[in-house]
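Have a look at the structure below before the remarks.
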Amino acid sequence: MNGFVKVRPRGIAAGAGCVAAALALAVLALGSGSYPISPGEVLRVLFGGGTPAEHFVIEELRLPRVVTALVVGAALALAGALFQSLTRNPLGSPDILGFTEGAATGALLAVLAGGGSWALAGGALAGGVLAGAAVAGLAWRGGLHSGRLVLVGIGTAAILTGVNGYLLTRAQLTDAARALLWLTGSLDGRGWDNALPPLLGLLLIAPPALLLCGPALRILELGDDTAAGLGVRVERVRLTLLAAATVLAALAASAAGPVSFVALTAPQLARRLTRSPGPNLLAAMPVGAALLVGADWLAQHLLADRQLPVGVVTGVLGGGYLIWLLSTQRRAGRL
Amino acid sequence: MSRATSPARRQWAVVLAVAALLLVVLVLSLGVGAKSLSPAQVWHGLLEPGAPDYTVVHRLRLPRTLLGLLVGAGLGLAGGLMQALTRNPLADPGLLGINAGASAAVVTATALLGVATFDGYVWFALAGAAAVAVLVYVVGGGRTATPARLALAGAALNATLYSYVSALMLLDSASLERMRLWTVGSLADARPQTVAKVLPFLLCGLVLALALARPLNALALGDDTARAQGARPERVRALTVLAITLLCGAATAACGPIVFLGLMVPHLARALAGPDLRRLLPCCVLLAPALLLGADVLGRVLGRPGEVQVGVVTAVLGGPFFLLHARRGKGVGA
């Protein structure tokens with residue numbers, strides 16, 4: 001524990017700022033729409049005041065979506081931070097390593113089989129976990145080498161992309177549009193039952209990951225040999241955290257689809273904000289929540305006449321960020 | 001050195017064997033389909049205007065087979081060039097995002113500008129392929145790239161570009177209907193006009209690629225040695241990127257993104273013809289169409305009464321090949 005709870009004032013301030021930003025964006029999102037409500041009024045409604053109409057709009061219509069965004073963002077960010085730390089690579093995230101492609105395959109199969117939204121979520125979860133297990137199994141060779149994990153993940157993602165494209169061509173056009181919407185990542189029409197699985201995942205997985213494995217993960221970043229020398233059971237920690245991150249990413253995908261780039265960017269932004277080395281697991285979560293709520297707000301209000309799925313906004317923003325990241329990392333010789 | 005085992009003879013035998021394989025696959029590609037034709041029927045249908053199968057062969061099968069021949073050669077050759085340029089055994093135009101760049105540009109052209117013909121979007125495809133080729137090469141670290149680093153740069157760009165592609169498809173359901181087939185990678189829509197229009201681009205790329213074999217050989221020994229031999233490394237690299245762009249851009253414009261072909265073919269060619277690019281690249285030109293058309297025939301047989309698109313077949317066949325190499329690779333540190 002000692003290395004983990006070392007108090008860094010800047011880290012605490014940055015973390016608190018991110019939580020505040022996420023909540024402020026959530027209030028903004030709750031207040032905006034075809035029935036606008038001022039931020040102050042939103043807070044009053046949340047704490048019990050306001051008219052019945054405002055209660056209905058905020059608590060029945062907008063709150064489930066915003067809470068889903070917060071939870072999914074936090075879950076994706078934690079999964080991404082774990083992956084990046086495990087692969088020791090700023091690009092090693094579930095988007096790129098094939099896990100979300102696997103979730104997509106599962107979801108597509110559910111759609112093709114005529115299943116509803118629960119089947120779709122279940123398919124996504126099963127697909128993501130299976131893909132994760134397959135990638136880990138294929139990359140395993142007396143241990144999990146991070147370079148091999150990355151390459152195997154990319155290869156698996158490429159195969160699954162082909163399979164997903166084929167499944168899309170097999171679907172009816174309406175099903176294909178629905179599946180593609182899901183594949184892009186969307187929060188449209190999300191209810192409490194969508195927020196619940198990732199929330200449970202966060203509550204069950206985050207505390208042990210932070211408390212038990214966080215310190216080991218930090219030591220693991222020093223290199224396998226050093227970590228083993230310091231008494232860390234390298235492969236066991238790595239497999240446990242890989243499993244935790246996979247389940248988190250799959251649960252997040254089951255709620256909102258494989259929203260791209262949140263898992264990739266949130267941990268990097270957190271690292272920059274706290275200026276703290278190491279995994280930054282705790283700080284990444286509010287950053288991810290803020291990113292997704294903000295992106296969803298943009299997606300709803302960017303175009304006057306129609307809503308975009310949130311995955312489009314994160315995809316385009318993330319792409320620009322990514323190119324910048326790639327070039328700075330390269331210049332710094334860190335990639 | 002006894003005559004029977006002389007390297008020159010062995011290589012001729014290899015070339016003949018690959019050429020024979022290609023011929024067999026060509027006949028299969030013309031013969032297999034909703035109406036199966038025997039090799040004799042293919043022969044008659046091909047050459048005798050009055051034969052009962054003349055229309056089937058000429059209208060449906062021949063454009064598809066020719067397109068597969070051209071596109072396969074282009075992608076295989078591009079893979080060979082990329083692996084030589086980046087000295088990276090895992091380089092593949094599909095994996096490194098070049099096809100995705102071409103796809104994104106084509107989808108933009110169709111969805112936003114209403115361009116619907118190959119004529120119109122081949123230029124977009126080339127521009128998209130060129131932009132991504134340069135970007136991946138620069139971002140991935142140029143000559144100092146490790147396989148994992150380059151693959152990551154490509155995968156990241158792939159993810160970005162495909163989220164953009166699906167966004168455009170979602171906003172416009174007419175383009176979804178058109179593009180969901182195209183983005184899988186398929187030869188099914190081959191038309192004689194497409195073949196004719198893709199030909200000049202691929203031929204230019206082909207000639208350029210084969211001309212680059214010798215200077216790229218020199219470059220493999222290091223820049224200084226290459227300079228001493230009279231090659232200009234920077235110019236050779238720029239021309240190689242140009243050739244890759246021409247080959248991948250035109251191939252992708254014609255039949256959508258096809259992944260892993262450019263990865264597998266150079267490895268097989270290296271096993272058959274050795275590392276010398278003057279033999280390896282021509283071997284790619286023969287081997288890649290054989291594989292692509294073979295995958296296409298397989299997709300037609302497996303998917304009856306419909307078909308499995310060739311891009312899916314290459315992904316499913318080539319993926320394990322990639323995974324095998326990724327597992328085996330030792331110096332894969334990211």
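Values below: every heavy atom of this structure, side chains too, minus hydrogens, waters and symmetry copies. Keep in mind that what you see is a predicted model, and the values were worked out from it rather than measured. Letters A, B, ... are given to chains in the order of the sequence lines, protein chains preceding strands, and every chain is numbered from 1.
Looking at A:Thr161, there are no atoms closer than 4.5 Å to chain B (heavy atoms on both sides), in backbone or side chain. In this structure, chain A has a heavy atom under 4.5 Å from the side chain of B:Leu135, while its backbone stays farther away. With a 4.5 Å cut-off on non-hydrogen atoms, B:Pro257 does not touch chain A at all. For A:Leu138, the parts lying under 4.5 angstrom from a heavy atom of chain B are both the backbone and the side chain.
Of the listed residues (B:Gly154, B:Ser186, B:Gly306, B:Gly319), the one with the most heavy-atom contacts under 4.5 Å to chain A is B:Gly319. Among A:Leu97, A:Thr169, A:Val312, A:Val163, the residue making the largest number of heavy-atom pairs under 4.5 Å with chain B is A:Thr169. Ranking A:Asn164, A:Leu149, A:Ile154 against chain B, the residue ahead of the rest is A:Ile154, based on heavy-atom pairs under 4.5 Å. Counting heavy-atom pairs closer than 4.5 Å to chain A, the top residue among B:Leu263, B:Val308, B:Val316 is B:Val308.
At distances below 3.5 Å, not a single donor-acceptor pair connects side-chain atoms of B:Arg327 with backbone N or O atoms of A:Arg141.
In A:Gln307, the CD atom is crowded: over 12 heavy atoms of neighbouring residues, nucleotides or ligands sit closer than 6.0 Å.
Distance CG/B:Leu95 to CG/A:Leu151: 9.0 Å, rounded to 0.5 Å. Between the CD1 atom of A:Ile159 and the CZ atom of B:Phe322 there is a distance of 9.0 Å, given to the nearest 0.5 Å.
Closest heavy-atom contact between B:Phe260 and A:Ala158: CZ-CB, 3.6 Å. Across B:Ala315 and A:Gly162, no two heavy atoms sit closer than the pair CB-CA, 4.2 Å.
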